[in-house]
Amino acid sequence: MAPPKVLMIAEKPSIALSIASTISGGQMHSRKGTTEVHEFEGMFNGFPAHFKVTSVTGHVFSVDFPAKYQDWAATDPADLFQASIHKTEANPKAHICRHLSQEARGCSHLVLWLDCDREGENICFEVIQCTGFQAKDDRRKVYRARFSSVTEKDILKAMNCLVEPNEYEALAVDARQEIDLKVGVAFTRFQTSYFQGKYGNLDSRVISYGPCQTPTLGFCVQRYLQITTFKPEKFWALRPHVMVDGYELQLEWERQKLFDLDVALMFQKLVLQDRILEVTDISEKQESKGRPPGLNTVNLLKIASSALGFGPQLTMQLAERLYIQGFISYPRTESTAYPLSFDFKGTLGVLANNPMWGDYVQGLLSGGYHKPQSGKDAGDHPPITPMRSANEDMLERDSWRLYQYVCQHFLGTVSPDCKYTRKKVEFSIGGEFFHCIGLHVIVKGFTSIMPWLAVSEKNLPQFAKGDKIEVSKVELFEGQTVPPDYLSESELISLMEKNGIGTDASISVHINNICERNYVQVQAGRKLVPTALGITLIRGYQCIDPDLCLPDIRGFIEQQITLVAKGEADHSCVVQHVLEQFKRKFIYFVKQIDNMDALFEAQFSPLADSGRAFSKCGKCLRYMKYISSQPSRLYCGTCEEVYYLPQKGTIKLYKELTCPLDNFELLIFAMAGPEGKSFPLCPLCYNNPPFEGIDALFGASKTGGSGMLGKGAGMPCFLCPHPTCRHSLIAQGVCACPECNGTLVLDPVSAPKWRLYCNMCNCLVLLPQGAHRISTTRERCPECDSTIIEVDFNKNTTPLEDGATLHVGCILCDDLLHSLVEVKHGKSFFKRAGKWARARGRGAYRGRGRGFGKMDPKMSFRDF
DNA sequence: GCAAGGTC
């Protein structure tokens, strides 16, 4: 009988590999799959077994609302709190679920090696669901491996005491997901719709709210408000100077500073009257500056931002790459404590021959390296350390700088502490006390590898107790208190960590979010300066319901779901309770939105006052205004109508042409990029397609259940089946796209680089270049039914005989034209002529059955 | 177009 099969699943491929190598002792076969699968024979529960180890890539599923709630216009955000939710595959293209189900076939044991935190516990149950195992089934058993690090010792220990997955912890994550989704989406949709419909110069596509991102923004705005409300105060400080051994030394006052000039002047007078300083005491003590604990993600992000000038997003990208390339260990960890079994000697050995630190490492290896500080053990991954030696030439500049820091930090953790003496000399004069401090480094320790942390030497002249010295001058320093600076990114990361906002893996995402949403801007020195929008939002929450932007809001959610994780409260009761509270807050927020709106009114301009007169409305024949801030749109002040435009491109008037259906002036939209297609559109038709049966609108990734248009999606003229308009698909369509079901249409403003583009995909066909004019005719090719085009060649470059310039023909069947066209994008256009021919029969829209449907399958680019 | 959490 074949041995039983054991399937083991890790959270990511690298851990699957470590586990498989450890348990198999390196004797395994690995094969590619959605994620790699490692197979080997071994012993399981005392019996021989066949092992398969593979992994997921984080969460398999994520939660969302069903289709009927996807339509913003048709859903009242308040209803989202009671809406059903469903889990969908987090990354449908990866087919992780299918992979797991396939690998599980024929396996009688499932061992879950997901990371040992709540999220990992939740993924356990996602995996169980995909594999078809049951959490409690005696014949096909499910086990949970609990490991505190990915080391041989811990893996083997976990393997020997397998437990059950913890459903409470998994349910706590389910609860968080549902609460975050419902609260975030409800507030986001409401405030986006409310403010975007009202103000023209709001430069944000979406005005989002979230229990992590909003408090994050709150920190930045709080600092901003401290700065703007700061009232500087003058202060004065006495600074006596003495000349000793030819050096001038400035002394510090015990009172530091005074905010009353008269009192300060009085003290100055007393000191000046005395003139003689007496040394009252000299003390010296040894102090030390401790070596750092191991490097975790948050500290890496902070240092990278403050010392290297890298944003968290960039830092994580660089770290991820260094990790994939094997230069550093896994970069997402909370732990600053090294596991007991950590191989310091091995890691030092990695750097022993490094040209940059080799000598230092040799010193540590021979002189005895130090055991690092204890630090925090979060039970996830060891601190970030170098794994492979690199030099400057092997890495890109930024990667190298980050790698360099990881190495220096690691070496710092196993170096001696820095030791120095602090000498304090105290003086009295006129009844006032002053002092000076000297510093002398005895052991540089870790600061020699992390020189920016070095203690700077401060030498003092020789003094003896009882010395009497004449003051050379008594300065009355006048200063002013200054406001704090804008919040630095590094400070923000500390605040987030302290308040439990986000996790090591998501902190960078939240910071990036508030930048992308245009709530804050990163300025020189990575200072975060809130924008008018960011400030107005936070001030709005502060006056309606300050809880909404305080960090405690995350704490509240965390505390509630922790009850679920501990099994002290029922999952659905907690979710219901928390959602009820938030719904109450939501209803109140909606009711009080006028208060926030008053702040917006002071800051932004109403739609009617925004934008510039642009093109004529077909209904009232007055000019509509173009609002360029995202989402770009036209606003007719008379009709009070908004017409969304395609996004991410430029818009111009199209001569003074109008739409024959509704008299709106036509516009030309050019997509961004040198090869972006340009096309005409009518603002009204674009937003309200006049014809049925157009199933794929331009720019519509998701149109939602009700078929309502998303902002910016619609019907340009190249999708319009109008039978006689010069700009419609019928008039401008030339032939079927070789790549998809679409139709190639003439780009009307592409002169002199004339071209056709597909109205569905990004296929591009270059027409004879440099022609004066190329236009479609009403004629069809008798052979292939393509639209006959008319080309007016330039008289200097015409390929026609006798200098003739006008040529009429089919781009597929006319030899001359055919030789002058070229496919720019898409797969081979010519060799797959059969596909071209087939595609022509299935145009997205076939005008009146005229041509696009009846096609001789033999017709093709014959001569190619 | 929306949250936050994994990871790629």
Side-chain angles (χ1 to χ4, degrees), chain A residues 10-16 34-36 55-65 69-73 75 77 80 83 85 87 89-91 93-94 96 114-115 117-124 126-127 170 172-193 196-197 204-216 316-317 319-321 323-324 330-332 380-381 496 500-510 512-514 516-517 553-554 557-558 561 582 630-631 644 647-648 699-704 708-713:
Chain A
E11 191 157 321
K12 43 191 166 281
S14 61
I15 297 209
T34 302
T35 53
E36 219 173 2
S55 71
V56 291
T57 49
H59 274 287
V60 183
F61 299 110
S62 66
V63 290
D64 205 351
F65 295 109
Y69 296 103
Q70 295 295 350
D71 185 340
W72 288 43
T75 307
L80 294 174
I85 53 167
K87 290 201 174 200
E89 266 202 87
N91 183 358
K93 284 184 192 153
I96 295 287
L114 284 302
D115 291 0
D117 53 21
R118 272 186 207 164
E119 298 295 332
E121 223 55 36
N122 186 269
I123 304 176
C124 282
E126 296 183 343
V127 169
V173 171
D174 281 342
R176 180 196 50 72
Q177 290 175 341
E178 180 166 354
I179 295 164
D180 284 346
L181 175 75
K182 292 186 169 177
V183 173
V185 173
F187 277 91
T188 299
R189 286 194 191 175
F190 168 69
Q191 57 185 33
T192 302
S193 309
Q196 216 171 52
S204 209
R205 231 171 68 254
V206 52
I207 303 172
S208 56
Y209 176 86
C212 285
Q213 56 173 271
T214 304
T216 301
M316 289 316 288
Q317 282 167 6
E320 184 75 33
R321 210 179 309 152
Y323 162 65
I324 300 278
Y330 189 68
R332 275 184 289 266
D380 49 357
H381 300 270
M496 292 173 76
I501 307 288
T503 65
D504 49 0
S506 71
I507 278 179
S508 66
V509 178
H510 299 309
N512 199 46
N513 256 340
I514 61 172
E516 280 198 336
R517 300 278 154 78
I553 205 138
R554 189 81 212 153
I557 296 174
E558 284 294 328
I561 65 163
F582 273 104
Q630 283 190 339
Y644 288 93
Q647 305 296 309
K648 292 179 186 154
S701 48
K702 246 198 274 181
T703 47
M708 297 272 292
L709 295 187
K711 283 177 190 172

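In the text below, chain A, chain B and the rest are named by the order of the sequence lines, each starting its count at 1. Just so it is clear, the structure is predicted and the values come from calculations on it, not from any experiment.
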Inset, instruction - Taking only the side-chain heavy atoms of A:Arg189 (C-beta and beyond), determine which of B:dA3, B:dC2, B:dG6 contains the nearest atom. - result: B:dC2
Inset, instruction - For A:Leu80 and B:dC2, give me the distance from atom CG to atom C1', rounded to whole Å. - result: 9 Å
Legend entry - Nucleotide nearest A:Ser62 (side chain, heavy atoms from C-beta), chosen from B:dG6, B:dA4, B:dC2: B:dA4
Legend entry - Nucleotide nearest A:Ser506 when distance is taken to its side chain, options B:dC8, B:dG5, B:dA4: B:dG5
Legend entry - Nearest-0.5 Å distance, CD1 of residue A:Ile561 to CZ of residue A:Arg176: 6.5 Å
Inset, instruction - Give the rounded distance in Å between these two atoms: CD1 of A:Ile507 and P of B:dG5. - result: 9 Å
Legend entry - Nearest-Å distance for atom pair NZ/C1', residues A:Lys93 and B:dT7: 16 Å
Please table the atom pairs, donor to acceptor, closer than 3.5 Å between any side-chain atom in residues 55-63 of chain A and protein atoms at least two apart or in another chain.
| from | atom 1 | to | atom 2 | distance (Å) |
| --- | --- | --- | --- | --- |
| A:His59 | ND1 | A:Glu126 | OE1 | 3.4 |
| A:His59 | ND1 | A:Glu126 | OE2 | 3.1 |
| A:His59 | NE2 | A:Glu119 | OE1 | 2.7 |

Inset, instruction - Would you kindly compare A:Thr188 and A:Asp115 by the position of their nearest DNA chain B nucleotide and give the one closer to the 5′ end? - result: A:Thr188
Legend entry - With sequence neighbours excluded, residues passing ring pair (Phe, Tyr, Trp, His ring centres under 6.0 Å) with A:Tyr323: A:Tyr330
Inset, instruction - Establish, with yes or no, whether the OP1 or OP2 oxygen of B:dA3 is under 4.0 angstrom from a side-chain nitrogen or oxygen of A:His510. - result: no
Legend entry - Which nucleotide in B:dT7, B:dA4, B:dG1 has an atom nearest any side-chain atom of A:Glu11: B:dT7
Legend entry - Any N/O donor-acceptor pair, A:Thr57 side-chain to B:dC8 base, under 3.5 Å: yes
Legend entry - Any A:Gln213 side-chain N or O less than 4.0 Å from OP1/OP2 of B:dA4: yes
Inset, instruction - Report the residue (A:Val183 or A:Glu320) whose heavy-atom-nearest nucleotide on DNA chain B is the more 5′ of the two. - result: A:Val183
Legend entry - Donor-acceptor pair present, A:Gln70 side chain and B:dC2 base, under 3.5 Å: yes
Inset, instruction - Indicate, with a heavy-atom threshold strictly under 4.0 Å, whether A:Pro77 touches base, sugar-phosphate, or nothing. - result: nothing
Inset, instruction - Grab the two heavy atoms, one from A:Val173 and one from A:Arg118, that are nearest each other, plus how far apart they are. - result: CG2-O, 3.4 Å
Inset, instruction - Starting at atom OH of A:Tyr323, determine the distance to atom P of B:dT7, rounded to an integer number of angstrom. - result: 9 Å
Inset, instruction - Compare the aromatic ring of A:Tyr209 with the six-membered base ring of B:dA3 and state whether they stack according to the 5.5 Å and 30° rule. - result: no
Inset, instruction - Round to a whole Å and report the spacing from CG of A:Asp180 to C1' of B:dA4. - result: 5 Å
Legend entry - Spacing of A:Arg517 atom CZ and A:Arg205 atom CZ [to the nearest 0.5 Å]: 8.0 Å
Inset, instruction - Mind calculating the distance between CZ (A:Phe61) and C1' (B:dA4) to the nearest angstrom? - result: 18 Å
Legend entry - N/O (side chain, A:Arg332) to phosphate O (OP1/OP2, B:dT7) under 4.0 Å: yes
Inset, instruction - Measure from CG on A:Leu114 to C1' on B:dT7 and round the result to the nearest Å. - result: 12 Å
Inset, instruction - Round to a whole Å and report the spacing from CG of A:Asp174 to C1' of B:dA3. - result: 15 Å
Inset, instruction - Select base, sugar-phosphate, or nothing to describe what A:Tyr330 touches, counting heavy atoms under 4.0 Å on all strands. - result: sugar-phosphate
Inset, instruction - Determine the contact category for A:Gly502: base if any of its heavy atoms lies under 4.0 Å from a base atom, sugar-phosphate if only primed atoms, P, OP1 or OP2 are that close, otherwise nothing. - result: sugar-phosphate
Inset, instruction - Mind checking A:Arg517 for me? I need base, sugar-phosphate or nothing, with any heavy atom below 4.0 Å counting as a touch. - result: sugar-phosphate
Legend entry - Nearest-neighbour nucleotide for the A:Arg554 side chain, B:dA4, B:dA3, B:dC2 considered: B:dA4
Legend entry - From OG1 (A:Thr192) to CH2 (A:Trp72), nearest 0.5 Å: 4.5 Å
Inset, instruction - Consider the side chain of A:Ser208, meaning its heavy atoms from C-beta on, and name the nucleotide among B:dC8, B:dG1, B:dA3 that approaches it most closely. - result: B:dA3
Inset, instruction - Kindly compute the distance separating OH (A:Tyr69) from CG (A:Leu80), expressed to the nearest 0.5 Å. - result: 8.0 Å
Legend entry - Nearest-nucleotide pick for A:Ala90, side chain only, options being B:dG6, B:dG1, B:dA4: B:dG6
Legend entry - Side-chain N,O (A:Thr503) to OP1/OP2 (B:dG6) below 4.0 Å: yes
